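On a predicted model such as this, the values are computed, not experimentally measured, just so you know.
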Amino acid sequence: MKVVIEVDKGAHVGERYELELKAYRAVCREGVPVVTTAFANSGDQRLDPDDIRVVEEHLKKRAKEEDDDGSVLRMGTFKRGSDILLDDEKISRTHAMFFLDADGPSVVDLLSTNGTYVNGQQVMDSDLHDGDIVHVGKTRLVVHVEAGEV
């Protein structure tokens, strides 16, 4: 399965971000002043404990009893991809995360100020499907899912 998140409205129109299987990418605001630490392209900034709690709860809901390799599905079992930095003042410093696991893509709101919306509905977390529209701040992202081996 190949999943691409494409910006179709906002400052980064046309930019595409691929999700790898068993990986996640954080969505955050580009150009945050020094007072609040922005995520780095390398994906090496730490998450707040509240953000980690929200993500762990999301993964717990998605997990069956155990992951394919026998381990419990937790954030640490995913690889962190480069962060998606968007020039949008309505996006929180740490806004959301996109995940891709064997069940498909999903998004988690990281307690953002302005919320995350999927197909017009505000969500705390949501499974995603081909053609879904995700709004973060003033930016609109379209989910493209291509069939293939997982």
Side-chain angles (χ1 to χ4, degrees), residues 1-33 36-48 50-63 67-68 73-150:
M1 167 184 321
K2 180 179 177 181
V3 176
V4 174
I5 308 298
E6 181 178 10
V7 178
D8 84 335
K9 181 181 178 188
H12 297 267
V13 170
E15 289 188 18
R16 297 168 59 91
Y17 306 95
E18 188 168 341
L19 293 176
E20 294 180 35
L21 184 62
K22 295 286 287 196
Y24 65 95
R25 295 184 78 166
V27 177
C28 39
R29 187 172 62 235
E30 181 178 62
V32 176
T36 58
T37 306
F39 279 82
N41 282 331
S42 61
D44 59 1
Q45 292 292 336
R46 291 177 175 246
L47 292 174
D48 300 21
D50 287 338
D51 293 337
I52 293 170
R53 179 185 48 77
V54 167
V55 169
E56 293 288 359
E57 287 172 9
H58 167 72
L59 294 176
K60 188 175 179 181
K61 285 193 303 190
R62 288 183 66 77
D67 197 14
D68 295 339
L73 190 61
R74 295 180 55 88
M75 193 169 165
T77 63
F78 284 80
K79 175 184 161 196
R80 176 134 178 214
S82 297
D83 297 325
I84 299 171
L85 300 175
L86 299 171
D87 185 14
D88 182 339
E89 74 276 2
K90 296 293 184 180
I91 292 177
S92 296
R93 181 180 61 88
T94 58
H95 196 99
M97 281 191 166
F98 286 101
F99 282 85
L100 180 57
D101 59 27
D103 291 331
S106 61
V107 65
V108 180
D109 182 80
L110 297 177
L111 306 172
S112 66
T113 302
N114 293 314
T116 299
Y117 295 78
V118 176
N119 300 324
Q121 298 293 314
Q122 187 169 6
V123 299
M124 285 308 297
D125 62 358
S126 179
D127 290 343
L128 297 171
H129 305 93
D130 187 49
D132 280 349
I133 305 292
V134 179
H135 277 94
V136 291
K138 296 178 183 176
T139 303
R140 184 171 68 190
L141 305 146
V142 179
V143 178
H144 301 285
V145 179
E146 298 175 14
E149 289 186 30
V150 176

Could you grab the distance from atom [atom1] of [X] to atom [atom2] of [Y], nearest 0.5 Å is fine?
X    : Y    : atom1 : atom2 : result
E15  : L86  : CD    : CG    : 7.5 Å
D130 : E146 : CG    : CD    : 8.5 Å
L100 : E18  : CG    : CD    : 9.5 Å
I84  : E30  : CD1   : CD    : 12.5 Å
S112 : M124 : OG    : CE    : 7.5 Å
N114 : H135 : CG    : NE2   : 12.5 Å

Side-chain heavy atoms of [X] within contact of [Y], under 4.5 Å:
X    : Y    : result
V134 : V143 : yes
V108 : Y24  : no
D103 : D127 : no
M97  : L110 : yes
H144 : R16  : yes
H129 : V145 : no

Checklist entry - What do you reckon, is CD of Q122 surrounded by more than 12 foreign heavy atoms closer than 6.0 Å? => result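 Enclosed.
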
Has the side chain of [X] got a donor or acceptor atom that lies under 3.5 Å from a matching backbone atom of [Y]?
X    : Y    : result
R29  : I91  : yes
H95  : L111 : no
S92  : T113 : yes
D109 : T116 : yes
D83  : L85  : no
N119 : I133 : yes

Checklist outcome for this item: Minimal heavy-atom distance between S106 and L128, with the atoms involved, is C-CD1, 3.8 Å

Next on the checklist: How close do P105 and M1 get, counting heavy atoms only, and between which atoms?
Outcome noted: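 Answer, listing the atom of P105 first, then M1: CD-SD, 4.2 Å.
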
Checklist entry - Should the ring pair H58 and F99 be called parallel, tilted or perpendicular, given that the plane angle runs from 0 to 90° and is split at 30 and 60? => result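 Aromatic pair H58/F99 classed tilted.
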
Checklist entry - So, E89 and K138, do they make that salt bridge, N to O below 4.0 Å? => result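 Yes, E89 and K138 are salt-bridged.
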
Checklist entry - So, E56 and K60, do they make that salt bridge, N to O below 4.0 Å? => result no

Next on the checklist: Which residues pass the side chain to side chain contact (heavy atoms under 4.5 Å, CB included) test with K9, not counting sequence neighbours?
Outcome noted: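 If we apply the side chain to side chain contact (heavy atoms under 4.5 Å, CB included) test to K9, skipping adjacent residues, the hits are R140.
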
Checklist entry - Would V27 and Y17 satisfy side chain to side chain contact (heavy atoms under 4.5 Å, CB included), going step by step from the backbone distance to the final call? => result CA-CA 11 Å; V27 177; Y17 306 95; over 6 Å; no

Item to check | Audit row: I5, L19, side chain to side chain contact (heavy atoms under 4.5 Å, CB included) steps and yes/no | outcome: CA-CA 8 Å; I5 308 298; L19 293 176; 4.3 Å; yes

